[in-house]
Amino acid sequence: MKTPILVRCLSILAMFGLVACTTASNLTSSQNLVADQAAFKEAVKQAKPGDTITLANGVWNDFEILFTGQGQKDAPIRLTAQTKGKVILSGQSNLRLAGEYLEVSGLVFKNGYTPTQEVISFRQNKDTLANNSRVTEVVIDNYNNPERYETDFWVMMYGKNNRFDHNHLEGKSNKGVTMAVRMNTEASQENYHRIDHNYFGPRAILGANGGETLRIGTSHHSRKNSFTTVENNYFDRCDGELEIISSKSGKNTIRNNTFYQSRGTLTMRHGNNTLVEGNVFFGNGADHTGGIRVINAGQIVRNNYLEGLTGTRFGGALVVMNGVPNSPINRYDQAKNAVIENNTLINSDNIQLAAGSDEERSAVPVDSTFANNLILNDDGRDVFTVYDDVSGIAFTDNVLNTSSLPDFAKGFRNESVNLVRAENGLMFPDNELGVGVAKTLEVTTKEQTGAEWYPKAGPAVAFGSGKTITVSPDQGSIQAAVESAQAGDTVLLEAGNYVVTKFLRLDKPITIKGNGDVNLTFERTTLFEILDGGGLQIIGLNISGADSPDYAGNSVIRTSPYSMLKNYRLEIIDSNFTALDKNHSFNVVSVAKGTFADSMLVRNSSFSDVTGSVFKLHAELDDYGIYNSEYLTIENSTFLNIGQMLVDYYRGGRDESTFGPHLVLVDSKLENVGHDKRNPFESSLLLHGVQVANLERNEIINSKPFLINHTVGEPKTRIIQNKFIGTALPEVFELNSNLPPTAILQNNSVMSQ
Ligand code: CA
């Protein structure tokens, strides 16, 4: 009986306000409030067009929601929360919707993971799909399988004419694309889905293939059209792997999205006639931030704004690929009829044309235009790299500020330009040039996306950003201080000698600091153990293994032995490590399989008498292209009498979906490194599959040689101005290609002892 309630509601509205009205309307039969899974099932069975099923506030554990029904265009069947954001699906929960005109809103998935392959699926099973349905204001927050490399997906869209909008997807950390549009049957092709106003929150570096944020189609069905529109979404630090969006189908529209400091690119990997328009990319100069990559026929790239992008190779700000003649469906179709116009690129490092040109990819871009683009860099650098014949691209009316014009084509002119940042956050020349993006381009902001009632991700907690907890040797308990500390806090040790009798377990980022007058020994097989969510910064400590147990395989710092979803950071600054030689294979840092560091840093530190390795990053032995740390940086440090290796850095396999690993070793000294009989590779430094390595100004004395294996991609290795004394020059091997070695070795000196 709706009417009486409505009348009563209106009559008391003046006295009690709108809240009373809402509560009353929840009690009507069409606002079915359900409080348990059985009631929900019954409500679904009864639901008629126009009905709403309301889940009661609270935590719903292990709830596999199957929402089916036949709504109508103007009377959908709704599933919502009593209060948006207050209905939490946790444990082993998921959502399938199937039928017509269904709408789901207000739910939050957190504290658990899907028991199936998908958290939200627009189908019940292979044959029963959802059409004309909508998922809006739903949150999936860190809802990850605890096994980092176990694959699942957060959202899979099937069917036709579905909308996914104003949702918040944050913190996918295990393997598998965050969201995909599936086209595996005819009932899901030519689907006209709309994906809009979603907040795609931070997705950390996966360190493997399978970290894409959004994929539309797959190569198998890629010559079919999807007609999916992706608009007004915000991609915030989507760093999973080199593809942020992978369009693998025809006739998609990707417009007015913002890509904020995200590693990777928007790639038209397969399919023809996609429109990429009005998107904004802010790289902020962060590593591997990229823009738009063009492959296939009929792609239009216009009115996009790209600033501060550092990406190279296929990850550049703007990339037009070479194709494979008569390409198999899973390779590279030739770029044809591309229109690239009125884009603005500012302080972006690379535009790559005919990229990927090789024996197989020999079909150059044809019948394409590149017009009215504005390309400016503060330093006037030339951002173009041309890998093959680009006479199939007509260049007209492009404006640059380089010192000389490109030599591969006409159609560019130099202008001296003064840039001014406008209210919409974009930079425009202060004089009208008639090129680049329109001043009217509307930039999608973070606030316009997601569910307004759910907070968006802030910056990562920095070391040393919290409070300081002081510990003295007579109080003893570093462990108690570490346990009570909050993320970002510093445990400051007063001068003296400390014997640590328990593992110091870190489940948040913590700084342990001394002023050079703190001596630590430890009685367990490790001193620090970094757990999921943890991180460690060491400053000004002297750490000795003198009190360690007489076992093989001790370490000073190790990760959890179990899979870790959250990436961690490790920094060692102004510290000294000695006497790590109680038994054999004593490592300074050793990591477990299924763990990943965003970064590791050593600065102004010394290490002596270590029987194992300093950094043992060699736990991923399956050769799946997985590795243990994105960055390892060693500066101004010394390593004396290290039995095995300074760094054992391993990334096997032939996968090319990651940017790392990276290594920097500069201004450091190695002496007597690698001579232990257990050292498996007769090397003082092993880099296997490392993508970027800079070894400069080091002194290497009486040590085993560096061994560098290039595997896939175009690894960049620079070995410059090092002194090798009583040590052979580094050996660099190209394992999977017959190409000449690509490593740069310059100004190194070799001396006998
Ligand atoms: Ca991939």
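Note that the structure is predicted; figures quoted are calculated from it, not measured. As the structure lists them, so they are numbered: ligands from 1, and atoms in each ligand from 1.
- Between the side chain of Asn162 and the main chain of Arg134, no donor-acceptor pair closer than 3.5 Å is present.
- Within the model, atoms OH of Tyr260 and SG of Cys238 stand 12.5 Å from one another, a figure rounded to the nearest 0.5 Å.
- Excluding waters, the protein N/O/S atoms found under 3.0 Å from the Ca ion (ligand 1) are Asn209 OD1, Glu212 OE2, Glu241 OE1, Glu241 OE2.
- Under the side-chain hydrogen bond (donor to acceptor under 3.5 Å, both in side chains) criterion, Glu190 pairs with no residue, sequence neighbours left out.
- Environment of CG in Asn326: sparse, with no more than 12 heavy atoms of neighbouring residues, nucleotides or ligands closer than 6.0 Å.
- Residues satisfying the ring-ring contact (aromatic ring centres under 6.0 Å, His included) criterion with His193, sequence neighbours excluded, are absent altogether.
- With sequence neighbours excluded, the residues forming a ring-ring contact (aromatic ring centres under 6.0 Å, His included) with Phe659 are His288, listed by chain and number.
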